[in-house]
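Along the sequence shown, residues are numbered consecutively beginning with 1.
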Amino acid sequence: MGDHTESIQIVFDSSVLTYGQVLEVFWSGHDPTIPMNRQYLSSIFYDGDEQRRVAEASRDARQKTLTKNIVTRMKPLKTFHDAEDYHQKYQLRQMAPDALPLLGLRSGSEVKNSTAAARLNGYISGYGSEDAFEREWPGFGISDDDVRGTIFMRCASPSMMS
């Protein structure tokens, strides 16, 4: 522990979403002025000069809205290491492990690469509304009975239950 920074790698279609829009979500999702230890350090790993330029511009724009200094570090992306399998979709594995076979997921790489597992992990973690879940779950490839009996109650965050 302590010799790494926990991070995610975002793959996106730049014809649908810009890197700047990804960074807007990044800045709005946490307080970039809070110093953290290396493991949880606020960081942006950019891929090339263009991403560096956009990242720095987004940081500078965000800084103008804050009274404290941003401590987010920016570094070139060199190597990305996946977390161990047991860390992948952690909340889903803890709260609804029976959902994985319903999604047809057996191996760690299948779980890691599954969009459905990522989305369910988010709902279980308290992100998303009941309406969004209702619109989205048919695309997960699971039956109505499985959603109602096995998954929905575990995905029902307090915000979804109100």
Side-chain angles (χ1 to χ4, degrees), residues 1-14 16-17 19 21-48 51 55 70-162:
M1 279 306 214
D3 63 346
H4 68 284
T5 300
E6 293 192 11
S7 57
I8 61 170
Q9 186 172 36
I10 300 172
V11 178
F12 62 98
D13 181 344
S14 61
V16 175
L17 187 70
Y19 183 57
Q21 290 170 313
V22 171
L23 290 169
E24 286 175 27
V25 173
F26 170 80
W27 294 118
S28 68
H30 75 297
D31 183 344
T33 67
I34 298 175
M36 301 294 281
N37 64 25
R38 181 176 175 163
Q39 184 177 357
Y40 300 112
L41 186 65
S42 174
S43 302
I44 295 173
F45 298 96
Y46 54 83
D47 188 17
Q51 282 192 358
I70 288 177
V71 296
T72 299
R73 74 175 180 175
M74 294 191 182
K75 297 190 121 196
L77 174 65
K78 293 181 181 171
T79 304
F80 183 82
H81 299 280
D82 288 331
E84 296 86 354
D85 285 349
Y86 67 90
H87 284 296
Q88 302 292 337
K89 316 305 186 281
Y90 183 79
Q91 291 297 333
L92 181 62
R93 287 180 184 272
Q94 297 302 307
M95 304 286 291
D98 46 345
L100 297 175
L102 295 174
L103 294 168
L105 304 174
R106 308 268 183 264
S107 72
S109 64
E110 289 176 334
V111 173
K112 179 188 85 163
N113 294 317
S114 169
T115 299
R119 300 297 296 154
L120 286 172
N121 191 67
Y123 285 116
I124 285 173
S125 300
Y127 301 97
S129 66
E130 183 176 354
D131 288 342
F133 180 77
E134 288 293 334
R135 284 190 309 273
E136 191 170 12
W137 78 260
F140 296 161
I142 50 181
S143 75
D144 187 65
D145 288 342
D146 288 333
V147 167
R148 302 278 173 235
T150 304
I151 297 172
F152 179 74
M153 291 312 293
R154 294 189 186 130
C155 289
S157 68
S159 65
M160 290 174 68
M161 297 303 285
S162 58

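Using a 4.5 Å cut-off on side-chain heavy atoms (C-beta onward), Val71 and Ile34 make no contact. Contact of the Tyr46 side chain with the Pro76 side chain is registered, since non-hydrogen atoms from C-beta on lie closer than 4.5 Å. Looking only at side-chain heavy atoms (C-beta outward), Ser125 and Tyr90 stay at 4.5 Å or farther from each other. Here the side chains of Ser42 and His30 are in contact, with some heavy-atom distance below 4.5 Å. Inter-residue side-chain proximity for Trp27 and Thr72 is flagged as met; some heavy-atom pair is nearer than 4.5 Å.
Taking all atoms of both residues into account, the shortest heavy-atom contact from Ser43 to Arg73 is OG-NE, 3.0 Å.
Partners of Phe45 by ring-ring contact (aromatic ring centres under 6.0 Å, His included), not counting sequence neighbours: none found.
The backbone N or O of Val111 lies less than 3.5 Å from no partner atom in the side chain of Ser114, so there is not a single donor-acceptor pair. Panel note: side chain Gln51, backbone Asp47; a donor-acceptor pair is recorded below 3.5 Å. Side-chain N or O atoms of Thr5 include none that pairs as donor or acceptor with a backbone N or O of Gln39 at under 3.5 Å.
Atom CZ of Phe12 has more than 12 heavy atoms from other residues, nucleotides or ligands within 6.0 Å.
In this structure, CG in Leu41 is found 8.5 Å from CE in Met36, a value given to the nearest 0.5 Å. With rounding to the nearest 0.5 Å, the separation of CG in Leu77 from CD in Gln9 is 6.0 Å. Here CZ of Phe140 is found 6.5 Å from CZ of Arg119. Values are rounded to the nearest 0.5 Å.
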Tabulate below the donor-acceptor pairs under 3.5 Å that side-chain atoms of residues 102-109 make, not counting sequence neighbours, or state none.
{"residue": "Ser107", "atom": "OG", "partner": "Ser109", "partner atom": "OG", "Å": "3.2"}
{"residue": "Ser107", "atom": "OG", "partner": "Glu110", "partner atom": "N", "Å": "3.2"}

Only pairs under 3.5 Å count here: list side-chain donor-acceptor contacts from residues 81-88, not counting sequence neighbours, and write none if there are none.
{"residue": "Asp82", "atom": "OD2", "partner": "Lys112", "partner atom": "NZ", "Å": "2.6"}
{"residue": "Gln88", "atom": "NE2", "partner": "Ala83", "partner atom": "O", "Å": "3.0"}

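Side-chain contact annotation: Asp31 with Thr33, donor-acceptor N/O pair under 3.5 Å present.
The aromatic rings of Tyr123 and Phe133 sit perpendicular to each other, their planes meeting at more than 60°, with 30° as the lower class boundary.
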